[in-house]
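What follows is one structure encoded as structure tokens, with my remarks underneath.
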Amino acid sequence: MPTRPVDLFAVDHLFSDEEIAIRDTVRQFVTKEVKPHIADWYENGSIPAHELARDLGELGVLGMHLEGYGCAGTTASAYGLACMELEAGDSGLRSLVSVQGSLAMFAIWKWGSEDQKQEWLPRMAAGEALGCFGLTEPDYGSNPAGMRTRARRDGDDWILNGNKMWITNGSVADVAVVWAQTGEPGVGRGVRGFVVPTDTPGFSAPAITRKMSLRASVTSELVLDNVRLPDSAMLPEAEGLRGPLSCLNEARYGIVFGALGAARDCLETAIDYAGGRDIFDKPLSAFQLTQAKFADMTLELGKGVLLAAHLGAMKDAGTLKQEQVSLGKLNNVRESIAIARECRTVLGAAGITLEFPIMRHANNLESVLTYEGTSEVHQLIIGQAVTGESAYR
């Protein structure tokens, strides 16, 4: 009887019964509600974001690792396992949840005022309101300190002007967490965050189309044209780049687990396909070269899961460092995209169609490889940790 690749590593004992139950519940949701439709959503370049958000809110996965305000308050490990199952459906689905919970909600939860938390977090946890996170700009991604979006004082208000780019959930969001320079001297010191209702005059979010990756995901530009906000819109506790970078670290952690879900789905699909594909009078899975591919991919997938489980345990213990998250993001996304590409070769021409999930996952992982910090950025974070020298400047 064949063994599922991850089961070969017998990892379930590393998680609690509750964490496994959450994983299985999310897996059932993805199998029933997402997988039957995801190829059509991907082909059409659309996703029913608000409908899914409400379903995901009922499931309890939006901001699930946060405490209070309607959030489930699960462990970080449970959140990681949920991300793995969501991305086994599609990276766009995991991105929706990740941006909602680890970026927009976390920013308000960690750095916001009590009024901001009360106003937004319960609705966002329930999926009644969608959020987005405006940090990246057309010319400033890996170097957020150089952002050109500005916030200037006008009496008791703030006036925001600028553009943000590649913003997940942007054109369907009800609230945007936007980061802007306020003019305080020092590299990145004057960066502050603002909670911006998307119906505020001067705010618009044109959708980005013609994508070849993350097609089942809403990606937008944010345009801020003299957006006037009261002083109460500022996140009071976030000063400088530590605010947005702390949120990025939360999102990167989810990707450590999530990317493996896409890789697992590719590998299980390829194994199933090879078992039913006869060539030269025997199954493709019976050939040594095919088994060698499966063995190598199983090894890398399992190692990635073990790394993710270890990082999850450290996060729950409160000892996880930024550079350790970078280890997980760099390794697990890099190996996941390699697995997706290799699985495509097993399926041959069939692998490029949407009848199977492999090319869709591979295309999505091209985006995951570069968002929330490119591979090169994570190499530099790790390099600085082991040498004590910064290579950024």
Side-chain angles (χ1 to χ4, degrees), residues 53 56-57 60-74 76 79 96-136 144 147 149-153 156-160 162 164 167-170 172-182 184 188-200 203 205 222 224 227-254 315 318 322 372:
L56 292 163
V61 301
L62 300 178
M64 62 186 287
H65 58 309
L66 306 179
E67 294 280 351
Y69 306 99
C71 302
T74 69
Y79 173 58
L96 186 156
V97 171
S98 180
V99 169
Q100 178 85 341
S102 289
L103 291 180
M105 290 179 68
F106 179 81
I108 296 170
W109 181 85
K110 176 72 174 178
W111 305 112
S113 67
E114 186 61 27
D115 286 345
Q116 290 166 342
K117 295 173 186 178
Q118 294 287 354
E119 179 179 4
W120 289 108
L121 292 181
R123 294 166 56 198
M124 295 174 79
E128 295 170 1
L130 272 172
C132 66
F133 186 86
L135 178 64
T136 298
M147 72 175 67
T149 298
R150 293 290 186 268
R152 63 175 177 84
R153 278 284 194 183
D156 293 332
D157 295 340
W158 290 93
I159 307 295
L160 271 63
K164 301 295 181 177
I167 308 303
T168 297
N169 297 348
V172 295
D174 301 284
V175 61
V177 175
V178 175
W179 301 91
Q181 294 276 15
T182 60
E184 186 174 339
R189 186 177 299 170
V191 172
R192 302 300 297 256
F194 296 85
V195 178
V196 185
T198 58
D199 59 0
T200 304
F203 180 96
L222 304 186
L224 300 115
V227 172
R228 180 177 291 272
L229 299 169
D231 189 57
S232 60
M234 178 187 280
L235 295 172
E237 303 300 324
E239 183 176 357
L241 285 174
R242 68 173 185 149
L245 293 183
S246 70
C247 303
L248 290 181
N249 218 41
E250 291 292 309
R252 290 165 176 170
Y253 167 79
K315 186 166 176 57
Q322 172 189 344
E372 313 296 355

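Keep in mind that this is a model prediction, so the values were computed, not measured. Only heavy atoms go into these numbers, but all of them, side chains included; no hydrogens, no water, no symmetry mates.
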Is a donor on one side and an acceptor on the other found under 3.5 Å between the side chain of Gln100 and the backbone of Ala129?
-> yes

For the pair Gln116 (side chain) and Ser113 (backbone), establish whether a donor and an acceptor sit closer than 3.5 Å, ignoring hydrogens and angles.
-> yes

NZ of Lys117: more than 12 outside heavy atoms within 6.0 angstrom?
-> yes

Would Glu237 and Arg242 count as a salt bridge (charged side-chain N to carboxylate O under 4.0 Å, His left out) if you check the C-alpha gap in whole Å, the side-chain angles of each, and the deciding distance to 0.1 Å?
-> CA-CA 10 Å; Glu237 303 300 324; Arg242 68 173 185 149; 5.8 Å; no

With side chains defined as the heavy atoms from C-beta onward, is the minimum distance between Leu235 and Arg192 less than 4.5 Å?
-> no

Non-neighbouring partners of Arg150 that pass side chain to side chain donor-acceptor pair (under 3.5 Å), sequence neighbours left out = none

Listed partners of Ala72 passing side-chain contact (heavy atoms from CB on, under 4.5 Å), at least two apart | Met64, Thr74

Side chains of Asp174 and Met124: closer than 4.5 Å at any heavy-atom pair?
-> no

Would you name the heavy atoms of Ala173 and Thr198 that are closest together and state the gap between them?
-> O-OG1, 2.7 Å

Say whether, by atom type as modelled, one donor and one acceptor occur between the side chain of Ser102 and the main chain of Val99 under 3.5 angstrom.
-> no

Aromatic ring proximity, centroids under 6.0 angstrom, Tyr69 and Trp109 = no

Is it true that a side-chain atom of Lys164 and a backbone atom of Thr136 form a donor plus acceptor pair closer than 3.5 Å?
-> no

Is a donor on one side and an acceptor on the other found under 3.5 Å between the side chain of Tyr253 and the backbone of Ala76?
-> yes

N/O donor-acceptor pair under 3.5 Å between Thr200 side chain and Phe203 backbone | no

Are any of the side-chain heavy atoms of Asp157 and Leu229 separated by less than 4.5 Å?
-> no

Between Lys110 (side chain) and Gly243 (backbone), is there a donor-acceptor pair under 3.5 Å?
-> no

Heavy atoms of Cys132 and Ala104 approach each other most closely as O-CB, 3.8 Å

Heavy-atom pair of closest approach, residues Leu66 and Cys71 = O-CB, 3.2 Å

Sub-3.5 Å donor-acceptor pair from the side chain of Thr182 to the main-chain atoms of Gly190, do we have one?
-> yes

Worked verdict on Ser246 versus Trp111 for side-chain hydrogen bond (donor to acceptor under 3.5 Å, both in side chains) | CA-CA 10 Å; Ser246 70; Trp111 305 112; 3.0 Å; yes

Is there a side-chain contact between Ile108 and Phe106 (heavy atoms, below 4.5 Å)?
-> no

Verify, without hydrogens or angle tests, whether Asn169 (side chain) and Gly131 (backbone) share a donor-acceptor contact under 3.5 angstrom.
-> yes

